[in-house]
Amino acid sequence: MVYLNGDFIAKDKASISVMDRGFLFGDGVYEVIPVYQGKIFRLTEHLNRLQKSLDSIQITNPYLFDQWLDILNKLVSNTSTPDQSLYLQITRGADTQRKHSFATLTPTVYVESNPLNPKTEAELAQGFSAITQADIRWSRCDIKATSLLSNILYAQQAKQHQVEEVILSRDGQITEGATSNVFIIKDHTLFTHPTGEHILSGITRDLVLESASACGMQVNETPFPVDTLKNADEVWISSSTREVMPITTVDDQPINHGKVGEKWLCVYEHYQQLKND
Ligand code: PDD
């Protein structure tokens, strides 16, 4: 069962107009929200970010908080597993003709929930690989837009190179991953790119920073260059569906001799506690 414009219907019965600007232009925004043990995790933070994305592209939020909560909870209780990933997207809606500029339309709202399959403890203990690439995305990466062509190209490169993530750099400084935020540990301090228009302000990013402080680490939200990434003591990525994951090779170069770092373990364990709060 999925939600589309007021109806809960079978996924194969859900359809939208070919004139929908989401279809024609990728003119819309989205959120991915994790669900643990049937409870939606950090909903307020996700809906606040959704509001910011909508405001940035001049779409009026079609629902109030409680209406979102009702829709999301209905889908959660209809999905078989306790841990899930909610996907919601709002497009500007369907116009009568294709033109770049827009009028005020009725937004299209689509929501689905799927089982969340986290990495196993054994996979996490092994660590993951990443490659680096120049960040070719536009300059408003803070908007969680459905137009994701560059991210799709990176995902395909990751698949071809059999790596978990592509880590991006703009003007020589690491911004974030193609679908995640990036952190390094250097000399006992955690570094990550500051929020702003060049990264998505990850909900998980905030929780990683909170966990790192709880683990006694210094946190420094400052950009760092590609070389510093490759010579870091630890590298991690974070997102709602991946939580916080250790990266142990970058461009085939081992990080921390290819071993998962102990600071990652502390942050990971703290994050697991936050999930149960
Ligand atoms: N992506 N940066 C980018 C470019 C992302 O696409 C994501 C998440 C993040 C992490 O944000 P958060 O912690 O709020 O999930 C950072 C989601 C999961 C996706 O596109 O599926």
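In listed order, ligands and their atoms are each counted from 1. All of these numbers come straight from a predicted model, not from anything done at the bench.
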Contact (N/O only, under 3.5 Å) between Thr204 and ligand 1: yes
Distance filter under 4.0 Å to Asn181 heavy atoms, resulting ligand 1 atoms: 10 (C), 16 (C)
Minimum side-chain heavy-atom gap Ser240-His46 below 4.5 Å: yes
Nitrogen or oxygen of His46 less than 3.5 angstrom from that of ligand 1: no
Ser240 neighbourhood, listing ligand 1 atoms whose heavy-atom distance to it stays under 4.0 Å: 12 (P), 13 (O), 14 (O), 15 (O)
Ligand 1-proximal atoms of Val32, by part, heavy-atom distance under 4.0 Å: side chain
Any Glu243 heavy atom less than 4.0 Å to ligand 1: no
Which residue and heavy atom of the protein sit nearest atom 7 (C) of ligand 1, plus the separation: Thr179 O, 3.4 Å
Sub-4.0 Å heavy-atom approach of Arg49 to ligand 1: yes
Heavy-atom pair with the smallest gap, counting every atom of Thr81 and Gln84: O-NE2, 2.8 Å
Proximity of Glu45 to ligand 1 by residue part, where a heavy atom lies under 4.0 Å: neither
Lys259 atom NZ, over 12 foreign heavy atoms within 6.0 Å: no
Proximity of Ala178 to ligand 1 by residue part, where a heavy atom lies under 4.0 Å: backbone
Over 12 non-hydrogen atoms of neighbours within 6.0 angstrom of CG in Asp12: yes
Leu200 N/O to ligand 1 N/O under 3.5 Å: no
Proximity of Lys144 to ligand 1 by residue part, where a heavy atom lies under 4.0 Å: side chain
Side chain to side chain donor-acceptor pair (under 3.5 Å) evaluation trace for Thr132 with Asp251: CA-CA 7 Å; Thr132 59; Asp251 293 338; 2.6 Å; yes
Ligand 1 atoms in contact with Gly177 (distance to a heavy atom under 4.0 Å): 4 (C)
Those atoms of ligand 1 less than 4.0 Å from some heavy atom in Gly202: 11 (O), 12 (P), 13 (O), 14 (O)
Side-chain donor-acceptor pair present, Tyr110, Glu112, cut-off under 3.5 Å: yes
Salt-bridge present (Arg140, Asp142; N to O < 4.0 Å): yes
Atoms of ligand 1, numbered as shown, that sit under 4.0 Å from any heavy atom of Arg137: 4 (C)
Shortest protein contact, atom 2 (N) of ligand 1 (heavy atom only): Glu176 OE1, 2.6 Å
Pair Glu31 + Arg49, salt bridge at N-O below 4.0 Å: yes
Flag for Asp135-Thr175: side-chain donor and acceptor within less than 3.5 Å: yes
Ligand-side contact atoms (ligand 1) for residue partner Tyr30, heavy atom cut-off under 4.0 Å: 19 (C), 20 (O)
For Ile203, atoms of ligand 1 separated by under 4.0 Å from a heavy atom: 12 (P), 13 (O), 14 (O)
Carboxylate-amine/guanidinium contact Arg205 Glu221, below 4.0 Å: yes
Residue pair Trp68 / Asn61, side-chain donor-acceptor N/O under 3.5 Å: yes
